[in-house]
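Report on the structure given below.
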Amino acid sequence: MGGRRLSATGPSPGGHPGVTREGHGGAMHTRTPLALSLSLSASVAALAALAVGAPATASAPDDVAHVAVLGDTPYGPEQTEQFPALVDDVNAHGFDWVLHAGDVKSGSTPCSDELLATSRALYDTFEAPFVLTPGDNEWTDCHREKAGQYLPTERLEHTRALFYPNPRGTIGGRSMEVVPQSAEQPEHAQSVENVRFHAAGTTFATVHVVGSQNGEAPWDELAEGDHPAERMAEVRQRRAANLDWIDAAFDTAQERGDAAVAIMMQAEPVAGEPGYAAERALLLERAAAFDGPVLLLHGDEHQHEEEAHYGGVQNLTRVETFGDTATQWLSMTVDPSTEEVFSFRTHEVGQDGPIVDTGVASGPDASPWAGLAGLGLVAAGGTLVARNRRA
C-alpha cells in the first residue's frame, strides 16, 4: 500500500484543481476484491472521459490512502515489551503513514530523557512515516511526583527537539515531507509540532491540544509549587498558534478544492471546559462552513469511540483511537470517491480480521451509524457498546 501520492500543502494563492465527487455511494467503504475491481473500472472510465473532454467523476486508485492510527502508547514496561509486535502487525499492512494522537508514555512514569528516547526509538521502527501530535504526559503533566517533578515548559522544549528534529519531515522508518507551522507562520516559530500535509483529496493537520485542561491545570506537584504566570503564558502562546493553524488547514483545503479535512489533536475539546473553548468554537465554526466531511481524530481517554454530527455540526465526526494498549489499534481508509471519505477498522495484534468495521458519515443519511449521533461506539471484545457522551 506504500508509495501513494502524498504532498505537503503549502500556500496556494492560485488554488489547485478540485476533486470531483459526483455519484458517491452512501454505503460503508471496505477494500474487497469487488470494490477494487469497481475502483479500477471507474479509473478507466475517468481516463476515457478526459480523452473526450468530459469531467472525471472518480478518483484514481492512487488517491486512496491507508493509515494506521494509534494513541496513548506505550504505557509502562509491559506495553513497551509488547510494542514491537504491534509494530510488526502494522508494518505487515504496508500503510502509507502512521498517526499517533499523543501520550508517548504513561503519566505515572518518569518524564526522563531516557524514557522519552525509548518511545522515539520504537516509533522509528515503523516502516511508514510516523506523524505524532504531543500529549500531556510528555510535558505538561511532568510536574507530578511520579513523573519526576520536571518543569513542564522545559520538558516541552525537550519533546519538540526529540520528536521534531526536522520540522519539515516526519520521524518513522521513512520521512514524509510536511508543512510545519513554524515555517509557514514565523510568528509561531516554536510550534514545530503543528504540521500539515495533503493526500487522497484531503488536508490533514495536527493541532497541539492536550489533556489536563489543555495545559491550564496547575503544576501543583512541583517542589516549589505552581508557576502560574509561566504556565498561562505557554497556554496563551500555544492557543494563538492552534487557532491560526486550524484556520490555515481549512483555508488550504478550500483553496485546493479538497474533498475533506482531518484534524488530529491529543485531547477532545469538550464542551463546558474553558481550556478547550477557543479551539472547539473555531473547529465547529470552520467545519460547519466547509463543503465536505471533517474528521476530528484524538486520543487521551483510552476508549475507541465514534461520534457523528459532533457539536451539532452535520459534517463533523469525532473518532477517538484506542489508548493504554499495545495490542489494539485502528486503521483508516481515506477515499475521496466515497461520500463519507473516511472509514475505520479496529484491529488486535495477532488477529487476522477486524473486530468492528465502521464508516464515518458526511451527512445525516450517509451511513448506518448516522442515527447514533451523540453516542460513542466503543469496541469491546468484538461488540459495540453505546454510551452517553457529552459533545
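- Applying the side-chain hydrogen bond (donor to acceptor under 3.5 Å, both in side chains) test between Asn137 and each of Asp72, Thr109, Asp103 identifies Asp103 as the sole match.
- For Arg160 (side chain) and Gln190 (main-chain N/O), a donor-acceptor pair under 3.5 Å exists by modelled atom type.
- Using cut-offs of 30° and 60° for the angle between ring planes, the Tyr123 and His100 rings count as tilted.
- Remark: the His188 side chain and the Asp244 side chain contain an N/O donor-acceptor pair separated by less than 3.5 Å.
- In the hydrophobic cluster analysis, where Ile, Leu, Val, Met, Phe, Trp and Tyr join through side-chain heavy atoms closer than 4.5 angstrom, Leu162 is grouped together with Leu132.
- In this structure, His66 has its ring center at least 6.0 angstrom away from the ring center of Phe95.
- One N or O on the side chain of Thr80 and one on the backbone of Gly76 form a donor-acceptor pair closer than 3.5 Å.
- Judged by distance alone, the side chains of His298 and Glu301 never bring a donor and an acceptor atom under 3.5 Å apart.
- Here the side chain of Thr333 pairs no donor or acceptor atom with the backbone of Ser343 at under 3.5 angstrom.
- With sequence neighbours left out, Glu145 forms a side chain to side chain donor-acceptor pair (under 3.5 Å) with no residue at all.
- Between the side chains of His347 and Ser331, at least one donor N or O sits under 3.5 Å from an acceptor N or O.
- With 3.5 Å as the limit, one finds a donor-acceptor pair spanning the side chains of Gln79 and Asp324.
- Aromatic ring pairs are classed by plane angle as parallel below 30°, tilted from 30° to 60° and perpendicular above 60°; the pair Trp219 and His227 is tilted.
- We find that Glu216 and Arg239 are joined by a salt bridge, their nearest charged nitrogen and carboxylate oxygen being less than 4.0 Å apart.
- If you chain together hydrophobic residues whose side chains sit under 4.5 Å apart, Trp245 and Leu156 never meet in one group.
- Ion pair Arg155/Asp113 flagged as a salt bridge, since at least one NZ, NE, NH1 or NH2 atom sits closer than 4.0 Å to an Asp/Glu carboxylate oxygen.
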What do the steps show when you test His302 against Tyr75 for side chain to side chain donor-acceptor pair (under 3.5 Å), and what is the final call? CA-CA 11 Å; His302 309 166; Tyr75 271 24; 3.2 Å; yes
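- Linking Ile, Leu, Val, Met, Phe, Trp and Tyr residues whenever their side-chain heavy atoms come within less than 4.5 Å leaves Trp139 and Val104 in two separate clusters.
- Using a cutoff of 4.0 Å between basic side-chain nitrogens and carboxylate oxygens, Lys105 and Glu138 are not scored as salt-bridged.
- A heavy-atom distance below 4.5 Å is found between the side chains of Glu230 and Leu151.
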